[in-house]
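Please read the structure below before turning to the comments.
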Amino acid sequence: MLKLLLSPAAAFLSGYIIRRGFMDGIAGLMIARSVSYQTFAKYAKLLEYQRSETKVNPQ
């Protein structure tokens, strides 16, 4: 759950600040935002999958 919250922020900061996306203006902001959202969606889907697997196969 913690990774779901921290990874998108880290991806945004990495793309926008560290890789200097701010130098590209609005395009850099939109790309950093898109990467951040994609990271969030990836971890949200993974968490959803793990929770459904636990319900189906309690071990």
Exercise. How about Lys3: does its NZ atom have over 12 heavy atoms from other parts shown lying under 6.0 Å from it?
Worked result: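 Atom NZ in Lys3 is not crowded, with 12 or fewer foreign heavy atoms closer than 6.0 Å.
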Problem set entry | Ile17 reachable from Met23 in the ILVMFWY side-chain graph, under 4.5 Å edges |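 Met23 and Ile17: one cluster.
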Exercise. Applying the 4.5 Å side-chain criterion to the ILVMFWY set and letting contacts propagate, would Leu5 and Leu47 be lumped into a single cluster?
Worked result: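 Shared cluster, no.
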For this session: Return the minimal non-hydrogen interatomic distance between Gly28 and Tyr16, and the atom names on each side.
Result: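 Shortest heavy-atom contact: O-CD1, 4.0 Å.
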For this session: Grab the two heavy atoms, one from Ser36 and one from Ala9, that are nearest each other, plus how far apart they are.
Result: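 Nearest pair, atom of Ser36 first, then Ala9: OG-N, 4.5 Å.
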Exercise. Which class fits the ring pair Tyr37 and Phe40: parallel under 30°, tilted 30 to 60°, perpendicular over 60°?
Worked result: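 Tyr37 and Phe40: tilted rings.
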Quick check: does any side chain N or O of [X] sit under 3.5 Å from a backbone N or O of [Y], one acting as donor and the other as acceptor?
X: Ser34; Y: Met30; value: yes
X: Ser7; Y: Leu4; value: no
X: Thr39; Y: Ala11; value: no

For this session: Working to the nearest 0.5 Å, report the span between OH of Tyr43 and CG of Leu6.
Result: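 Result: 11.0 Å between the selected atoms.
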Problem set entry | Approximate separation, where rounding is to 0.5 Å, of Arg33 CZ and Ile26 CD1 |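 The distance works out to 10.0 Å.
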